[in-house]
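Single-structure report; data block below.
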Amino acid sequence: MTSIVATNQTILVVGGGIAGMTAALEAAETGKQVVLVEKNPWLGGRTAQLYRYFPKMCHPTCGLEINLRRLKANPRIQVLTMAEVTGISGEAGNYSVNVTLSPRYVNNKCTACGECSKAVNSEIADAFNYNLGKVKAAYLPHDMAYPQRYVLDPSIIGTADAEAAKAACKVGAIDLDQQTETVSLNAGAIVWATGFQPYAAEKITPYRYGEFKNVITNVEFERLADPHGPTKGKILRPSDGKEAKNVAFIQCAGSRDENHLRHCSRFCCMASLKQTHYVQEAFGDEGKSTIYYIDIRAIDRFEDFYQKVKANPNVAFVKSKVARISEDKNGDPRLWGVNTEGYKRYSEPHDLVVLAVGMEPAVKGMAIPAALSEGIVADSSGFLAMNGNTGVFGAGCATNALDVNRAVQSATAAALRAIQVVNQVARAEN
Amino acid sequence: MSVNNTEMAVRYKNNFLKELEDQAEMGEWIKMCMQCGVCAGSCPTNFHPGWDHPPQEIFMMVRAGRREEVLTSNSMWMCTSCYNCYVRCPRKLPITHIMHGIANYAHRLGVAPKLQPTRNFGKIFWNNAAKTGRVNEVMLTVDLYFRNAEGKFDLMGGIKKALEMQSVAIGLVKAGRLNPLELFGGHKCKDQKGLQSMLKKARELEETRKALKAA
Ligand SMILES: Cc1cc2nc3c(=O)[nH]c(=O)nc-3n(C[C@H](O)[C@H](O)[C@H](O)COP(=O)(O)OP(=O)(O)OC[C@H]3O[C@@H](n4cnc5c(N)ncnc54)[C@H](O)[C@@H]3O)c2cc1C
Ligand code: SF4
Ligand code: SF4
Ligand code: SF4
Ligand code: SF4
């Protein structure tokens with residue numbers, strides 16, 4: 001049984017992406033008790049799945065590393081991974097929360113030596129790499145994963161593979177008897193930081209995602225460019241492994257569209273501008289990028305970044321929302337549409353098409369526990385908006401389409417509000 | 001109801017967008033267009049010669065106040081009502097209906113291209129069907145094909161066309177879809193009087209509605 005220390009002066013943070021980690025750290029560093037609940041086996045959220053990040057083009061592991069160091073140094077934060085909140089009742093200053101923990105089958109004795117992985121034969125889809133490759137069913141989610149602890153996939157439990165993994169572990173870290181358990185805990189305030197989901201590209205039917213192999217999404221492209229990704233950082237297109245030297249980016253794929261997401265997702269213009277760097281970096285002057293756009297939204301201080309990309313002769317801009325995609329015999333996706341500057345029709349083949357899909361709030365369609373639903377309202381896109389005097393505060397992309405910088409700002413704001421609620425509780429109890 | 005072209009042009013001065021918002025059905029949607037180009041790229045007619053401007057361009061021209069060019073354009077008449085643009089427009093503009101609305105307005109102003117085939121066929125078909133409540137295929141064919149490029153009756157041209165279309169005609173006759181005897185008066189629906197008073201009423205309603213807008 002997992003034991004958790006929590007009172008109604010504890011702050012519960014749901015979601016361990018960059019926003020959730022920030023909120024947890026900010027609150028804990030002012031002396032508050034924090035429980036951080038993350039449904040993945042690792043922390044970092046979608047930021048950890050980027051290759052580099054704008055505007056400074058540094059590797060996200062670098063920024064995450066600092067946060068992890070703060071986290072490890074702070075005894076006031078209890079981290080629960082593979083955990084989801086399944087029930088909340090009560091009110092500000094006095095919540096009672098149920099958290100359901102899925103078994104990892106590996107306890108904290110694990111040294112991440114990797115022997116269990118070698119002993120196992122079966123493979124599962126590689127979730128960290130957006131299912132672009134496979135991993136062994138005993139795996140470390142990614143090299144920098146925190147906690148640095150392996151996971152056994154439930155599909156092998158009860159098979160010879162599970163026994164082989166257990167036998168291979170010299171430190172006795174594998175516990176095949178772990179069960180799903182539900183724990184309840186108290187909290188005075190809650191920060192809801194469950195982030196976003198990339199929009200389901202297959203819903204944009206004229207783009208044929210899922211049908212044409214060489215039509216991929218921007219999150220997948222991050223993994224293709226990353227040396228830790230499925231192609232070891234080589235930009236190879238999925239259909240035939242050919243180097244993708246002529247890449248098209250389709251902006252607003254699903255965003256700013258009343259048939260899909262009605263909001264502008266804000267980060268995706270910058271993400272595509274950033275990704276043209278990957279093409280340039282991989283192939284030099286042979287790497288060509290074309291951005292098909294309605295208008296480029298490189299908001300405020302990102303304008304410089306845009307101007308620099310614009311000055312690159314290997315990056316072309318076509319002012320047009322692509323109408324549809326077809327596929328040539330050699331596997332090239334062909335883009336059809338009308339260039340608004342001059343109203344010229346085009347029909348252009350490319351090696352690879354990257355759909356700049358937008359952000360769908362992860363809370364959309366999620367059963368928000370009853371006690372919360374009175375205080376929480378969603379805006380017209382399904383992002384969280386808080387209402388009145390609850391002790392629940394949204395942070396990061398659960399509240400809006402944000403880049404890392406803005407997600408962190410919103411997390412700090414949420415942490416401050418949560419701190420005020422538990423401070424009131426503390427005053428009342430003294 | 002026809003409206004006076006010069007009168008309208010004067011009334012709305014340089015504001016053609018406002019004019020269409022007031023006068024053309026669904027015209028109030030035009031301003032919502034963000035010029036993304038999806039409709040233009042999705043339109044099957046855009047990939048054929050002879051069609052002046054796809055919807056995206058028409059909407060921009062409206063905003064730019066290019067009144068003459070828009071109203072006399074064949075574009076709205078070339079629309080096949082396939083609804084490709086309609087379902088894809090990210091701003092949910094009812095594009096197909098807007099195109100029809102502008103077409104109808106140009107028609108009422110009397111500035112739509114005279115012998116544009118869609119408009120011409122539409123008129124002939126309507127007059128034919130509204131007469132008896134049933135389409136007289138023979139007379140429809142005569143009205144459509146026995147005319148020259150200026151719209152005048154043309155016996156020789158018609159006969160030539162008839163010979164070209166012979167096999168189609170024979171097929172229709174065999175299938176019971178074309179009765180040559182209809183040349184001497186065709187079949188009708190039962191309540192002729194009822195039909196005409198219904199059409200009259202509909203026309204009245206339509207005219208009052210449009211007169212109110214034009215007033
Ligand atoms: C292709 C792409 C490129 C990008 N590039 C950049 C860039 O270069 N620079 C930049 O600043 N930003 C970039 N972004 C945006 C950046 O990814 C986000 O701003 C950032 O990930 C937001 O962090 P978050 O913590 O709010 O959400 P997330 O990263 O989505 O984290 C949410 C966390 O909550 C967890 N969770 C979800 N539901 C539950 C639940 N019910 N219970 C428990 N846990 C849950 C998730 O597993 C996840 O770990 C990019 C985004 C994409 C898609
Ligand atoms: S579970 Fe055991 S064998 Fe597997 S990585 Fe951890 S310590 Fe090594
Ligand atoms: S940021 Fe750019 S690509 Fe993303 S939705 Fe907004 S305009 Fe479209
Ligand atoms: S698809 Fe809609 S928004 Fe886009 S150009 Fe056409 S009418 Fe305008
Ligand atoms: S409905 Fe008309 S305008 Fe729209 S795509 Fe079809 S033909 Fe073109």
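So you know, we letter chains A, B, ... as the sequences are listed, proteins then strands, and number each from 1.
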Looking at CD of Gln56(B) and OG of Ser320(A), how far apart are the two atoms once the value is rounded to the nearest 0.5 Å?
7.5 Å
Has Lys213(A) got more than 12 heavy atoms of other residues, nucleotides or ligands less than 6.0 Å from its NZ?
no
Above 12 or not: heavy atoms from other molecules or residues under 6.0 Å from NZ of Lys31(B)?
yes
Using a 4.5 Å cut-off on heavy atoms from C-beta on, say whether the side chain of Arg88(B) contacts that of Pro206(A).
yes
To the nearest 0.5 Å, what is the distance between CD on Gln251(A) and SG on Cys36(B)?
13.5 Å
If you apply the rule side-chain contact (heavy atoms from CB on, under 4.5 Å), what do you find for Tyr343(A) with Met60(B), and how did you get there?
CA-CA 11 Å; Tyr343(A) 296 102; Met60(B) 197 63 216; 3.3 Å; yes
Between the main-chain N or O of Cys89(B) and the side-chain N or O of Asn259(A), is there a donor-acceptor pair closer than 3.5 Å?
yes
If you count the non-hydrogen atoms of other residues, nucleotides and ligands that lie under 6.0 Å from CG in Asn14(B), is the total more than 12?
no
Over 12 non-hydrogen atoms of neighbours within 6.0 angstrom of NZ in Lys131(B):
no
What's the shortest heavy-atom distance between Ala323(A) and Val38(B), and which atoms?
CB-O, 3.9 Å
Could you tell me the separation between the CD atom of Gln35(B) and the CG atom of Asp295(A), rounded to the nearest 0.5 Å?
11.5 Å
Exceeds 12 heavy-atom contacts within 6.0 angstrom, atom OH of Tyr83(B)
yes
Is it true that atom NZ of Lys160(B) has more than 12 heavy atoms of other residues, nucleotides or ligands lying nearer than 6.0 Å?
no
Given Pro90(B), which of Glu258(A), Arg256(A), Lys321(A) fulfils the side-chain contact (heavy atoms from CB on, under 4.5 Å) condition?
Lys321(A)
